[in-house]
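Below is one structure; the comments refer to it alone.
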Amino acid sequence: DTEAEVIGKTDFEFYSQEVAAYFYADDQTVIRTGKSVIDREEFYFDGEGRKRWLLTSKVPLRDETNQIIGLVGVGRDITERKELERRLALKDAVAEVLVEAETVEAATPRIIGAIGRAMGWELGAMWLVDEDRDVLRFAGGWHADHESKDDFLEGTRDFAFERGIG
């Protein structure tokens with residue numbers, strides 16, 4: 001958006017009602033308290049349900065008598081930067097697991113865990129082809145803490161899927 005396209009408009013013209021209401025309440029806090037917000041990272045979900053990140057700064061706008069008459073706010077989309085940070089952290093975590101593990105089998109649950117935590121998953125499983133039997137077999141799994149997921153992963157260990165199934 002160009003400067004001319006955004007000056008004088010409100011968040012309600014760019015974001016969903018829910019997101020705009022949150023931003024508006026935050027604006028009102030800056031106006032009421034006179035305290036600036038500088039380079040705060042915050043996220044919201046866009047109209048398609050995708051997580052988007054903003055780097056937000058807001059400062060009170062004052063008149064010649066130092067009275068607050070509004071605010072100046074800037075929100076810069078940093079979604080790509082946050083995604084790159086997440087990917088680099090994931091790469092480092094997986095590399096660390098591989099360096100420390102004695103076998104791929106030992107590394108598998110920790111690799112899946114690193115991926116799961118980075119992606120915000122509750123459960124992850126890896127399946128590999130058993131070439132001797134020409135089936136797909138469970139190779140390892142990870143879950144965020146919950147007993148029912150232990151049962152699920154344990155039960156999954158016994159499954160094997162023939163080619164074209166699963």
Side-chain angles (χ1 to χ4, degrees), residues 1-3 5-6 11 14-23 25-27 29-30 35-59 73-166:
D1 295 325
T2 67
E3 184 177 333
E5 291 173 322
V6 297
D11 291 327
F14 297 99
Y15 300 101
S16 70
Q17 184 77 20
E18 180 182 350
V19 171
Y22 167 79
F23 291 156
D26 194 44
D27 293 348
T29 299
V30 171
K35 294 182 181 177
S36 299
V37 171
I38 305 296
D39 290 341
R40 179 177 61 206
E41 293 181 359
E42 55 192 350
F43 69 88
Y44 69 98
F45 292 95
D46 68 14
E48 296 175 12
R50 294 175 303 198
K51 189 176 190 177
R52 306 295 301 179
W53 284 90
L54 294 175
L55 183 65
T56 302
S57 293
K58 301 176 183 186
V59 295
V74 177
R76 192 175 88 207
D77 188 322
I78 59 168
T79 304
E80 287 182 26
R81 186 191 89 196
K82 295 295 284 185
E83 177 64 17
L84 179 60
E85 289 172 358
R86 185 184 63 78
R87 287 175 186 241
L88 288 172
L90 174 57
K91 182 180 91 170
D92 290 345
V94 169
E96 182 179 325
V97 168
L98 290 172
V99 166
E100 294 174 356
E102 293 184 26
T103 65
V104 172
E105 292 79 15
T108 298
R110 292 184 55 209
I111 290 170
I112 296 169
I115 294 168
R117 282 186 293 279
M119 300 299 292
W121 296 344
E122 291 189 28
L123 179 102
M126 181 181 285
W127 296 78
L128 297 174
V129 174
D130 177 340
E131 293 182 17
D132 293 336
R133 294 202 168 96
D134 198 31
V135 296
L136 193 61
R137 289 201 182 280
F138 178 78
W142 163 89
H143 65 82
D145 295 326
H146 197 277
E147 272 185 41
S148 66
K149 293 178 187 128
D150 273 337
D151 295 341
F152 175 81
L153 287 176
E154 200 55 44
T156 302
R157 292 182 200 289
D158 300 330
F159 285 103
F161 296 100
E162 294 179 11
R163 186 178 297 274
I165 299 176

Distance, nearest 0.5 Å, that separates CG of Leu84 from CZ of Arg86 = 10.0 Å
request  = Could you give me the CA-CA distance, side-chain angles and deciding distance for Asp11 and Asp27, then say whether side chain to side chain contact (heavy atoms under 4.5 Å, CB included) is met?
outcome  = CA-CA 10 Å; Asp11 291 327; Asp27 293 348; 3.6 Å; yes
ask   = How close do Ala107 and Ala101 get, heavy atom to heavy atom, and via which atoms?
value = CB-CB, 3.5 Å
ask   = Do other residues, nucleotides or ligands put more than 12 heavy atoms under 6.0 Å from Glu5 CD?
value = yes
task = For the pair Trp121 and Ile115, evaluate side chain to side chain contact (heavy atoms under 4.5 Å, CB included) and give the outcome as yes or no after the intermediate values.
result = CA-CA 8 Å; Trp121 296 344; Ile115 294 168; 3.6 Å; yes
ask   = Gly140 and Thr108: which non-hydrogen atoms are nearest, and at how many Å?
value = CA-CG2, 3.9 Å
task = Of all the heavy-atom pairs spanning Val19 and Phe45, show the shortest one and how long it is.
result = CG2-O, 4.0 Å
query = Could you give the distance from CD (Glu83) to CG (Leu88), rounded to the nearest 0.5 Å?
reply = 10.0 Å
Spacing of CZ belonging to Arg117 relative to CD1 belonging to Ile112, to within rounding of 0.5 Å = 11.0 Å
Spacing of Ile78 atom CD1 and Glu42 atom CD [to the nearest 0.5 Å] = 9.0 Å
Arg137 bridged to Asp132 by N-O distance under 4.0 Å = no
ask   = Name the one of Arg52, Lys51, Arg50, Lys82 that satisfies salt bridge (charged side-chain N to carboxylate O under 4.0 Å, His left out) with Asp77?
value = Arg52
ask   = Is Arg133 paired with Glu162 through a side-chain N to carboxylate O contact shorter than 4.0 Å?
value = no
ask   = Do you know which two heavy atoms are closest between Val129 and Leu136, and how far apart they sit?
value = N-CD1, 3.9 Å
request  = Could you tell me whether the side chain of Thr79 and the main chain of Trp53 form a donor-acceptor pair under 3.5 Å?
outcome  = yes
inquiry  = So does Val74 get a backbone contact from the side chain of Ser57, meaning a donor-acceptor N/O pair under 3.5 Å?
reply    = no
key: Ring center gap for Trp127 and Phe161 short of 6.0 angstrom   = yes
key: From CA spacing to verdict: salt bridge (charged side-chain N to carboxylate O under 4.0 Å, His left out), Asp39, Arg76   = CA-CA 9 Å; Asp39 290 341; Arg76 192 175 88 207; over 6 Å; no
Heavy atoms from other residues, nucleotides or ligands near CD of Gln17 exceed 12 (cutoff 6.0 Å) = no
Distance-minimising heavy-atom pair for Val59 and Val30 = C-CG1, 4.2 Å
ask   = Going by heavy atoms in the side chains, are Arg40 and Leu55 under 4.5 Å from each other?
value = no
query = How long is the gap from CG on Leu98 to CZ on Arg110, to the nearest 0.5 Å?
reply = 9.0 Å
request  = Return the set of residues passing ring-ring contact (aromatic ring centres under 6.0 Å, His included) with Phe23 (not counting sequence neighbours), or none when no residue passes.
outcome  = Tyr15
Salt-bridge criterion met for Arg81 and Glu41 (N-O under 4.0 Å) = yes
task = Evaluate the side chain to side chain contact (heavy atoms under 4.5 Å, CB included) criterion for residues Glu96 and Val99: first the C-alpha distance (whole Å), next the side-chain angles of each, then the deciding distance (0.1 Å), finally the verdict.
result = CA-CA 5 Å; Glu96 182 179 325; Val99 166; 5.8 Å; no
query = Partners of Trp142 by ring-ring contact (aromatic ring centres under 6.0 Å, His included), sequence neighbours excluded?
reply = none
task = Look at atom CZ of Phe14 and say whether more than 12 heavy atoms of other residues, nucleotides or ligands are closer to it than 6.0 Å.
result = yes
request  = Take Leu54 and Tyr44 through the test side chain to side chain contact (heavy atoms under 4.5 Å, CB included) and record every step on the way to the result.
outcome  = CA-CA 8 Å; Leu54 294 175; Tyr44 69 98; 3.8 Å; yes
